[in-house]
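One structure is given here, and the rest of the page talks about it.
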Amino acid sequence: MDNPKLQKLPVINFGKEKLQHGTNGWSFARNEVRHALEECGCFLAVYDAVSFKLRDSVFSALEKLFDLPVETKKKNTSDRDLFGYFSIDGDSSNHESMGIENSTDIEEVKKLSKLVWPQGNDDNFSGIIHECANLMSELEEVVIRMVYESYGVEKLKCDSHLDSNMHLLRFNRYISHGVDEKTVSSNAHTDKTFITILTENRENGLEVKLKDGQWIPVDFLPSSFVVMAGEAAMAWSNSRIQPCFHRVLTNANAKRLSLGLFSFNKGVIHIPQELIDDEHPQRFKSFDNLALLDFFLEEKRMGLPTDSTTKKYCGL
Ligand SMILES: O=C(O)CCC(=O)C(=O)O
Ligand SMILES: [Fe+2]
């Protein structure tokens, strides 16, 4: 039975009519987005632009990708830790991840496909993955436009933010073996992104932490994606938006796949004047989002605590 004390995440519908700027549906959804990000740091977006058929094709393509030999998967490299292939093995679990930088460019998706299937791939891996990445990035653009608009920040600033957006598409597979309880497959963390958009196959596991400290499981609805605010959105918003703390717990003998679009800004992010006033004095300096990520990765490599990386990097 549902625990009545367990809160649920806000659910916001992103049907076609809500995506039309200037409609009542848009204004209503825009207010819900701001409220959800300020209160929870995340929400569930029902977004049927990604059809069930496309979803199924994406997850079966990812299953084939992860079923490749480790040596092949290791060809997915990147200059940044965590952007290419990595694997974390625990006593009873295994978490593997692969990524495609600039995934809204089909050539980048083809590059990975050619690397791991040099003889060719008959399942249209690139087409399917690229279509899904593009649809996810369209949702992300709508969310970012709504966020800028809800705070009355100039449209030009929003356009320039979107022009310098960089997307990393990342796939995760978590396998846990014969344990009775849930296994922590990904420790609690916040992303260093502006926005992260995630979905999963049928196996649940993602949990988010609410303001009151309660961890709640994300119950994905059909056609839904969780939209999470990252540290960059928190700093940009002068701490109005909460960064979303999340973790992954997998069930015994489960195989879970997830797909996430991580957006970083390639330029320098300035804290908008519209978000600074007597009640909200400026809390962060202008900062470079990717440099913030590199700073975090370096601190992590050195084994330093990373719970207040952003404050340390660009806090005032
Ligand atoms: O697999 C998931 O649902 C979450 C993955 C995640 O938090 C991450 O890749 O940063
Ligand atoms: Fe994450």
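Atoms within each ligand, like the ligands themselves, are counted from 1 in listed order. Bear in mind the structure is a predicted one, so any value in this text is a computation, not a measurement.
Nearest protein heavy-atom neighbour of atom 3 (O) of ligand 1: Arg256 NH2, 2.8 Å.
The pair Lys111-Glu107 does not meet the salt-bridge criterion, since no charged nitrogen lies less than 4.0 angstrom from a carboxylate oxygen. Glu203 has no carboxylate O lying under 4.0 Å from a charged side-chain N of Lys255, or vice versa, which leaves the two without a salt bridge. We find that Arg34 and Glu38 are joined by a salt bridge, their nearest charged nitrogen and carboxylate oxygen being less than 4.0 Å apart. Salt bridge absent: Asp163 and Lys266 never bring a charged side-chain N and a carboxylate O closer than 4.0 Å. Taking a cutoff of 4.0 Å between a charged side-chain nitrogen and a carboxylate oxygen, Asp67 and Lys73 do not qualify as a salt bridge.
Look at Glu200 and you'll find every heavy atom at least 4.0 Å from all atoms of ligand 1.
A cation-pi geometry, defined here as NZ or CZ lying under 6.0 Å from the six-membered ring centre and within 45° of its normal, does not hold between Arg247 and Tyr174.
Listed by number with element, the atoms of ligand 1 under 4.0 angstrom from any heavy atom of Asn172 are 1 (O), 5 (C), 9 (O). Listed by number with element, the atoms of ligand 1 under 4.0 Å from a non-hydrogen atom of Tyr174 are 1 (O), 2 (C), 4 (C), 5 (C). Below 4.0 Å from some heavy atom of Ser258 lie the following atoms of ligand 1, by number and element: 1 (O), 2 (C), 3 (O). Using a 4.0 Å cut-off to heavy atoms of Arg170, the atoms of ligand 1 that qualify are 8 (C), 9 (O), 10 (O). For ligand 1, the atoms closer than 4.0 angstrom to any heavy atom of Leu198 are 3 (O), 4 (C). Set against the non-hydrogen atoms of Val248, the atoms of ligand 1 under 4.0 Å away are 1 (O), 2 (C), 3 (O), 4 (C).
Taking the Fe ion (ligand 2) as reference, His189 places its N/O/S atom NE2 nearest.
At least one side-chain heavy atom of Met146 sits less than 4.5 Å from a side-chain heavy atom of Phe14.
Put simply, the angle at the Fe ion (ligand 2) from OD1 in Asp191 to NE2 in His246 is close to 100°, to the nearest 10°.
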